[in-house]
Each structure stands twice: as C-alpha cells, then as structure tokens.
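Right, one structure below, let's go through it.
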Amino acid sequence: MADKVRLRIAPSPTGDPHVGTAYMALFNKAFAHGRGGKFILRIEDTDQSRYNEGSEREIIESLRWLDLLPDEGPGIGGDYGPYVQTQRRELYTRHANELIEKGKAYRCFCTPQRLEEMRREQAARKEPPGYDRRCYRLSPQEIQANLDAGLPFTVRMLVPDEGSTAFTDLIRGEISFENRVLDDQIILKSDGLPTYHLAVVVDDHYMEISHIVRAEEWISSTPKHILLFQGLGWELPMFAHLPLLRNTDRTKISKRKNNTSIKWYRQQGYLPEAMVNFLALMGWSMPNGEETFTFEDVQREFTFERVTTSGPVFDLVKLTAINGKYIRLLSDGELYERLLPYLPEGLDEARVRQAVPVIKDRLTRLGEFAELTVYLFGPPPAYDAATLVPKKSTPEAARAALERIRQLLESIAEPWTHEEWEGGMRALAAELGMKAGDAFMVLRVAVTGSQTSPPLFESIEILGKEETLRRVDEALAKLGGTSDEG
RNA sequence: GGCGCAUUCGUCUAGAGGCCUAGGACAUCUCCCUUUCAAGGAGAAGAUCAGGGGUUCGAAUCCCCUAUGCGCUACCA
C-alpha cells in the first residue's frame, strides 16, 4: 500500500442515491485524482433487510450524471474486485476466524431477545449500554457443545479493557478513545455476513485504500476499526472525517426534512456542475476565495486543511441561486441542448430555440422552462377579465385601448420584430394618453394570461400575428360590453 | 446517561497572534436600469467571533472551564 493513493466511497444500496454519497464522492475523487491516485466505489450491501434492488445502478447513474464516476467499482472493473461486499463473504469469515484464533474475537450465542433484555436492564440501572461478555466467559467445552447443537452465533471483537486507541484525523487532529468505553462489537452476524466494522476493515485493506475519507458520524467507530486493523496485523490507512451535511434544524441531513435524493435534483433541472460547485462549498473553500469553480479546480486545490469542522446546513436557496448563475453562463445553443430532457413531447424546436434567450435570465432550474413558457406553446392560462384592467383604469378604457391595439396588430405586416412592436405600442399609448406600461399591461395579459411574464414584445414576435390576434380577440370578448367584472 | 466532534452575520464561509473598527457569497432591504417579472449595477442592514477565565505588549486566532448543538452508543451502514 506504500505510496499509492487510493480512496473510496462505500455507499449502501438501500434506497435513492443520496446527496451525502455525492458529497463524499466529490472530495474523495478530487483528492485521489489530485494526487495521481484512484477513486473506488464499493457497494456495502451486507444488510439484506435494507437491500434495495436497483439502488446500485442508480448510485452509479447519479455519479455519472455528476461526472464523479469512480475508476474502479462494480460494473466498471478494476483489479481489486469484486466491489460488492456480498460477493466477498469468504474473505470476512476467514478473517473473523483468524481473529477468534488469535484471541481477538469470540463467538457469541446470545439471542437478540437476551441482548434486548440486557440493554433494557442497563438502561433501567442508568448504566451505559454494552455487551456484558457473557459468551466471552464460555468454556471451550460449552462453546463446542453450542456449536454441536447447531446454535446460531455471532462473532464479537474483543476490545481491550485497558489503554486507549488514538488516531490523527487529517481534518481534526488527534482523537483518542478509552478502550473501556468501546463495546465488543459484533463483527460477523448470525447470517454469516459481516457487519460494517469488519467488512470495511477487510475491504479497505485488500483494496489497498490509503485514505479513509468519510463522514463525521464514523468518528466513534474509528477506534474499533483501528483495533481490527491491528488485530489482523495490517497497516493503518489515514483517516479524515468530513463534516456532516445538516438539515435547517442542524440535525443530520435526512429524507424527512430535505430532498436527499440525487434523482430529485436531476429531475428539477439542477445542473450537475452547479450541484458539484454547491456541494464543494459545503465545508470547503478555494484558497483564492473564488466561489464559482469546477471539479477540476477542486481537484487541483483540495487540501484537508481547508475543510471546515462544523456541519454545514444544506441550503436549497443557495443551490438554486448557483444553479441560475450556471444557467446564465450557458450559451443559447448549450441551454437548448440541456433543456431537451425537460421538455414536454412535441414542442416545436424552432420555437423552443426562439424562447431560450427570452427565458434564460428567468430560469433557476431547467425543469421550470415548460411552466414559464406554456403560453408560447398553447393557449394562455385562463384569467379573469379584471386582470386585463390596469390599476387606476377602467374596463371601458382597457377595452378601448385593446381595440386600438387590435388595429395596430392588423396594420403591421409579418414578419414583424419586437422592436417594431414596441415602437408602435409606444406611439399608440401616447395617442391614447395612457402610460406605456399600462398599455403594455393590457396586451401582456391578453397574450400571456398573466400580469407577470417574460418580455412582451419578444413573446409576440414568437407567437406571430395570427395567434396574437386571436388572443386579443379573446380578451376583447372577456371585457365584453359591460363592466360588471371590474 | 456515556463517549466523541463541534461553536465567526439568518445560511455557506474567509480568517491559522497585530493587516479585523472581522472580508466575501446567498438570502433580506433600498436605489438605478426598466413594459411586468427577472437579470445586471450601486448601496444598506446584518457577527461585542457561544459565555467565562487565563497566556501575551496584543486573541476570532493559543490553553482551561462552562453552555449549547450535533453524532455515535443495533446481528444498520
């Protein structure tokens, strides 16, 4: 393992691909690649009860979307496979047995019921919970008898009573734990599969992981892992614990209080590069203070010294602002291409391309495009006649103005431009003694169905004479002959 | 409860003893631009650096204590 740089993420395939996984992938890959190393994906599927079919594929798909694909992993290849833990069972059993032989672990025949009862009693006595080592005291004969009787068992690591286990966290510095506060953790479950603690140690060793870079929540497990590494006589990797992403209430980011699925962000139309930029801003910053940057920048500049130690709140508002910025940075052609997956079926390509520059500054997520432009691709949304009437005006005045606008409409020959239209409308407003804005507003509502819309004259240019005329007539009809809607 | 990690504007952060009467970004507010909404530009407001003790000529920066938050405390990861 000497001087190779190899980092990994080890997600569990338990549901939708999680933003926390992307967050870890970002820094692991950036550091590995920045140091000429490899970035590995390992699937930790040892909990069959939480296993989710398809989750592995979606994790990879999400990483691909974010351009954070690993160099090695399931379905990707590499010399250290298999990269799925259930395919490595034999390795874990072998080392669990090795630990038993070395006296660093022991079989435990306690039933889940007894363990639960034990914990309840400990809680009642206000004692810290932990295994009472009943099975550690079993004689060889008793153990053999249990084995012969076919009793199910787990394997527990034997934690020393004395001393302490310390390590240097690359981000936080020296961290130390008294061994006596460490539980005799189960490392091999009765179904023969390892728990996280054994699996992670065995795999990180065999996959020659040089730096374990994971979330803060693993700090308290680290001494157990170190004890296991040492028990097996293996060299220790480096450790770095990144801060945990938080909900607004500062608890660990969760599905209940946040959108944790990467799929959701993709569906909403967040750009992957905006997502990566935002995530990199959580707990890290560029040395030059630049806040808009690429993955390549992170790769080049990443150091553990610049990682913060407190958990950042995942702020959707800020992500959205960054996303809008990235959208505006796109050329019209690029934006059009990026929009494609978010467009409803059957939209006219030429018209979409015309709409892109008009809508770009108003877009914060690609998924918004369809909604912002409905009026360009179908009839305007329903609206009240009252909406047509500008403040401090009357339905009669609005109707009169609209009638004149209709005349103007008919008088201008196609192809028309928004400049022509604006000129015509300004002259008309002056003639009518209306404020230009009010005249525009009447037309705006007639054309878009709303008092707030993308630029009016560009919209009219896109819609064309016939359709605009139709909408003006419709508005006129709404205004009718009376003012009782007012 | 035990153990661990943390604590700078509402949020993300800069800051590694004097450059800090604490800087930037998002959000907020105001103004400009302007046909609405945006975008853009210019400003404003917003943090006695959790609190208290030290160390030092000098502390957001070093040490200690307290408080608070979070995490772990499963045959989940």
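Just so it is clear, the structure is predicted and the values come from calculations on it, not from any experiment. Chain letters run A, B, ... following the sequence lines, proteins first, then strands; residues in each count from 1.
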What nucleic acid atoms does [X] come within less than 4.0 Å of, heavy atoms only: base, sugar-phosphate, or nothing?
{"X": "A/I175", "answer": "sugar-phosphate"}
{"X": "A/F177", "answer": "sugar-phosphate"}
{"X": "A/W284", "answer": "nothing"}
{"X": "A/T251", "answer": "sugar-phosphate"}
{"X": "A/R306", "answer": "sugar-phosphate"}
{"X": "A/P112", "answer": "base"}
{"X": "A/T248", "answer": "nothing"}
{"X": "A/R250", "answer": "sugar-phosphate"}
{"X": "A/T154", "answer": "base"}
{"X": "A/F278", "answer": "nothing"}
{"X": "A/S453", "answer": "base"}
{"X": "A/E44", "answer": "sugar-phosphate"}
{"X": "A/S450", "answer": "nothing"}
{"X": "A/A436", "answer": "nothing"}

I'd like the [atom1] distance from [M] over to [N], given in whole Å.
{"N": "B/rA27", "M": "B/rA38", "atom1": "P", "result": "12 Å"}
{"N": "B/rA50", "M": "B/rU8", "atom1": "P", "result": "6 Å"}
{"N": "B/rU21", "M": "B/rC49", "atom1": "P", "result": "12 Å"}
{"N": "B/rU48", "M": "B/rA60", "atom1": "C1'", "result": "12 Å"}
{"N": "B/rA6", "M": "B/rU30", "atom1": "P", "result": "41 Å"}
{"N": "B/rG17", "M": "B/rC57", "atom1": "C1'", "result": "12 Å"}
{"N": "B/rG10", "M": "B/rA16", "atom1": "P", "result": "23 Å"}
{"N": "B/rG52", "M": "B/rG15", "atom1": "C1'", "result": "23 Å"}

Does [X] count as lying over the ring of [Y], i.e. NZ or CZ under 6.0 Å from the six-ring centre, within 45 degrees of the axis?
{"X": "A/K189", "Y": "A/Y92", "value": "no"}
{"X": "A/R107", "Y": "A/F153", "value": "yes"}
{"X": "A/R156", "Y": "A/Y131", "value": "yes"}

Opposite nucleotide pairing with [N], Watson-Crick or G-U, both atom distances under 3.5 Å:
{"N": "B/rU30", "answer": "B/rA42"}
{"N": "B/rA59", "answer": "none"}
{"N": "B/rC72", "answer": "B/rG2"}
{"N": "B/rA25", "answer": "B/rU11"}
{"N": "B/rC19", "answer": "none"}

For this session: Test A/D183 against A/V159 for side-chain contact (heavy atoms from CB on, under 4.5 Å), laying out the working first.
Result: CA-CA 7 Å; A/D183 198 8; A/V159 176; over 6 Å; no

Exercise. Between A/S220 and A/T308, which is nearer to the 5' end of RNA chain B once each is assigned its nearest nucleotide?
Worked result: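 Closer to the 5' end of RNA chain B: A/T308.
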
For this session: Nearest-nucleotide wise, let me know which of A/F109 and A/P287 is further upstream toward the 5' end of RNA chain B.
Result: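 Per heavy-atom nearest nucleotide, the more 5' residue is A/P287.
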
Any donor and acceptor pair, going by atom type alone, linking the side chain of [X] with main-chain N or O of [Y] inside 3.5 Å?
{"X": "A/D297", "Y": "A/F293", "result": "no"}
{"X": "A/R406", "Y": "A/V472", "result": "no"}
{"X": "A/R362", "Y": "A/V358", "result": "yes"}

Problem set entry | Contact interval (first through last nucleotide) of RNA chain B with protein chain A, 4.0 Å heavy-atom |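 The contact span of chain A on RNA chain B goes from B/rG1 to B/rA77.
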
For this session: Before giving the answer on salt bridge (Lys or Arg N to Asp or Glu O under 4.0 Å), spell out for A/D132 and A/R137 the whole-Å C-alpha distance, their side-chain angles and the decisive distance to 0.1 Å.
Result: CA-CA 10 Å; A/D132 60 6; A/R137 292 185 290 267; 5.1 Å; no

Exercise. Would A/Y196 and A/H225 satisfy ring pair (Phe, Tyr, Trp, His ring centres under 6.0 Å), going step by step from the backbone distance to the final call?
Worked result: CA-CA 10 Å; A/Y196 176 81; A/H225 302 166; 5.6 Å; yes

